[in-house]
Amino acid sequence: QQRQAAITWQKCVRLKLLGQVVGLVWAAVAASKGTPAAVFEGVSGVMAANVGFWLAGAGGARHDDDGNPAPVPAKLVRTIGAVDAILLAVALFGAREAARLGSAPVCSLVLAAGCGLGIMENLPKRLKELAGK
């Protein structure tokens, strides 16, 4: 069972990274061409990769840096998954309706804030880890 969890974790991480890279490249190319709707499409890809990561069972299969099982509590997985799903919905709305409704700045702000909070949440822990190395 531990081996299966490790395989699941590995697959989830690889698929998430692939989806995020594809989404970021899509968004970057769209931004260079000046197509805001396509930028939101790229961001949708990134957020879909995040949602898929949790739906695929990454939380229960998580391993730490040393390869030891370190599952994420189910309640936290649901919370993170819900936030990611909301951000995915905002990105999809931005891709389909923001230009028409003039709400692209609001969608951008919501996405930046949502993603930024996720990064900031882990910043103190990461800084302590870097200081200890």
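Quick caveat: nothing in here was measured; it's all calculated off a predicted structure.
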Would you find a donor on one side and an acceptor on the other, under 3.5 Å apart, between the side chain of Asp66 and the backbone of Asn68? no

Report whether Val46 and Trp26 are members of the same hydrophobic cluster (ILVMFWY, side-chain heavy atoms less than 4.5 Å apart, transitive linking). no

Which heavy atom of Ala5 sits nearest a heavy atom of Ala61, and at what distance? O-CB, 3.3 Å

Check whether Leu87 and Trp54 end up in the same hydrophobic cluster, where Ile, Leu, Val, Met, Phe, Trp and Tyr are linked by side-chain heavy atoms less than 4.5 Å apart. no

According to a hydrophobic-cluster definition based on side-chain heavy atoms being under 4.5 Å apart (Ile, Leu, Val, Met, Phe, Trp, Tyr only), do Leu55 and Met47 belong together? yes

Could you walk me through whether Asp84 and Phe53 pass the side-chain contact (heavy atoms from CB on, under 4.5 Å) test, one step at a time? CA-CA 10 Å; Asp84 285 347; Phe53 177 75; over 6 Å; no

So, do Ser108 and Phe40 sit near enough that their side-chain heavy atoms are less than 4.5 Å apart? yes

Establish whether Leu111 and Phe93 are linked, either directly or via other cluster members, by ILVMFWY side-chain heavy-atom contacts under 4.5 Å. no

Side-chain heavy-atom pair Ser103, Glu97 within 4.5 angstrom cut-off: no

Please name the pair of heavy atoms, one in Leu76 and one in Val72, separated by the smallest distance, quoted to 0.1 Å. CD2-CG1, 3.7 Å

In one Ile/Leu/Val/Met/Phe/Trp/Tyr side-chain cluster, 4.5 Å: Leu92, Val43: yes

Starting at CG of Leu130, measure out to NZ of Lys125 and round the result to the nearest 0.5 Å. 12.0 Å

